[in-house]
Amino acid sequence: MGSLRRFLLFGGLSLRGVCGNAVPPLGRRALSRGHQLLGAEGEALKQRRTQIMSRGLPKQKPIEGVRQVIVVASGKGGVGKSTTAVNLALALAANDSSKAVGLLDVDVYGPSIPKMMNLKGNPELSPNNLMRPLLNYGISCMSMGFLVEETAPVVWRGLMVMSAIEKLLRQVDWGQLDYLVVDMPPGTGDVQLSVSQNIPISGAVIVSTPQDIALMDAHRGAEMFRKVHVPVLGLVQNMSVFQCPKCKHKTHIFGADGARKLAQTLDLDILGDIPLHLSIREASDMGRPVVFSQPESEEAKAYLHIASEVVRRLQPPPE
């Protein structure tokens, strides 16, 4: 192959030196043959690279005892993703009391599930050395927040984060769950890819406000899941409208129907609208999510509706 490359190199130089003269037939045939060989080599190189990369990817393995996994994601932080994940888990259980529901927080750098679910303490270990989730409001919960101090920053590099994600996915004794809701970190980075490639996911719920900046990132998030073959169940339009508690006037602080327009662009459904309401924030900060503490409120009913829409779009789990 080295002689061919030298031939093409020096041949190219000599041809450029012949101003306006035609390339001899022998030279044309040699160049054609050289291009064919290089094309074949390039195709073989592509196949070899694909094989090497595929060997590095983990094979999807279900989480033992879990029938269906639902990930709640957003392309951008600060849009209410964790609040949605918590209330979605509670709403799934409230809509069907026969279903066992778990909540997994894989936001390693900013775990918020412990506070929202009013849980503290370290997980106990089962006889087979697996962590047992903490339980509140009937929901089994696991989070990196149970394993580090509440105010301690997690200053880990990528390999340590991936190791932590692997432990959260594989070293937790969930028992038997019908649904495991996974609160993903914002963005489309290593954690999202690692979770998507490690376990079979039944569907993804994308959370966004109607604001254009948030919608741009939500678009990227939805496309990422499609590229890794995760079904996108639909979009949740959070903080959709604010109603003044005194005069009842409604204001679209972050814009009107932006997520609906994005859903049309992506050929997706809107699973529901969540209003911008003080009670949702207060209930989350107190560790008493609105679906549990105010089940008859309009805010709680919005989450219950979203949960029913999520279940309706899920494919039946394999038996």
Side-chain angles (χ1 to χ4, degrees), residues 67-96 99 101-104 116 139 178-184 186 188 192 196 201-212 214-226 229-242 252 254-277 280 284 289-292 295 297-317:
R67 299 190 73 196
Q68 292 190 297
V69 175
I70 304 164
V71 298
V72 179
S74 66
K76 189 175 185 63
V79 298
K81 169 187 54 61
S82 295
T83 303
T84 302
V86 166
N87 283 287
L88 173 61
L90 288 162
L92 287 168
N95 282 342
D96 189 344
K99 302 298 185 184
V101 182
L103 181 60
L104 174 60
M116 289 186 177
I139 306 296
D178 294 285
Y179 305 115
L180 177 63
V181 178
V182 180
D183 181 22
M184 302 280 265
T188 55
Q192 290 84 350
S196 301
I201 297 174
S202 301
V205 174
I206 308 296
V207 181
S208 179
T209 64
Q211 186 180 9
D212 288 347
L215 291 167
M216 288 170 57
D217 292 327
H219 193 160
R220 295 187 185 100
E223 292 295 353
M224 183 210 72
F225 283 115
R226 283 177 165 174
H229 309 295
V230 171
V232 180
L233 303 178
L235 274 67
V236 170
Q237 183 166 248
N238 199 26
M239 309 180 199
S240 59
V241 64
F242 172 75
H252 297 277
F254 295 104
D257 291 331
R260 294 184 182 278
K261 295 173 185 175
L262 176 60
Q264 291 176 357
T265 300
L266 296 173
D267 194 24
L268 294 172
D269 296 327
I270 287 289
L271 300 172
D273 293 83
I274 306 297
L276 179 62
H277 202 285
I280 298 176
S284 297
V290 69
V291 168
F292 172 81
S297 66
E298 292 302 315
E299 298 77 52
K301 289 177 181 177
Y303 287 114
L304 293 167
H305 170 75
I306 289 171
S308 65
E309 291 297 307
V310 166
V311 171
R312 190 166 69 86
R313 287 164 174 77
L314 288 173
Q315 296 295 322

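The figures here come from the full heavy-atom set of this structure, side chains too, leaving out hydrogens, waters and symmetry mates. Please read these numbers as outputs of a predicted model, since none were measured by experiment.
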Of the non-hydrogen atoms in [X] and [Y], which two are nearest, and what is the gap between them?
| X | Y | value |
| --- | --- | --- |
| V230 | G203 | CG1-C, 4.4 Å |
| P186 | Q192 | O-NE2, 3.3 Å |
| S202 | L233 | O-CD2, 4.3 Å |
| A73 | F225 | CB-CE1, 3.6 Å |
| P289 | V86 | CG-CG1, 3.5 Å |
| A94 | L304 | CB-CD2, 3.9 Å |

Between [atom1] on residue [X] and [atom2] on residue [Y], distance to nearest 0.5 Å:
| X | Y | atom1 | atom2 | value |
| --- | --- | --- | --- | --- |
| D269 | R313 | CG | CZ | 4.0 Å |
| L235 | I206 | CG | CD1 | 6.5 Å |
| L103 | I70 | CG | CD1 | 11.0 Å |
| L104 | M184 | CG | CE | 9.5 Å |

Is it true that the side chains of S82 and D183 contain a donor and an acceptor less than 3.5 Å apart? yes
Any side-chain heavy-atom pair of L314 and Y179 under 4.5 Å: yes
State, yes or no, whether a side-chain contact exists between L92 and V181 at a heavy-atom distance under 4.5 Å. yes
Step-by-step salt bridge (Lys or Arg N to Asp or Glu O under 4.0 Å) determination, E223 to R220: CA-CA 5 Å; E223 292 295 353; R220 295 187 185 100; over 6 Å; no
Applying the side chain to side chain contact (heavy atoms under 4.5 Å, CB included) criterion to T83, which one of N238, L88, I280, V72 satisfies it? I280
For I274, which of N87, I306, V207, V290 qualifies under side chain to side chain contact (heavy atoms under 4.5 Å, CB included)? I306
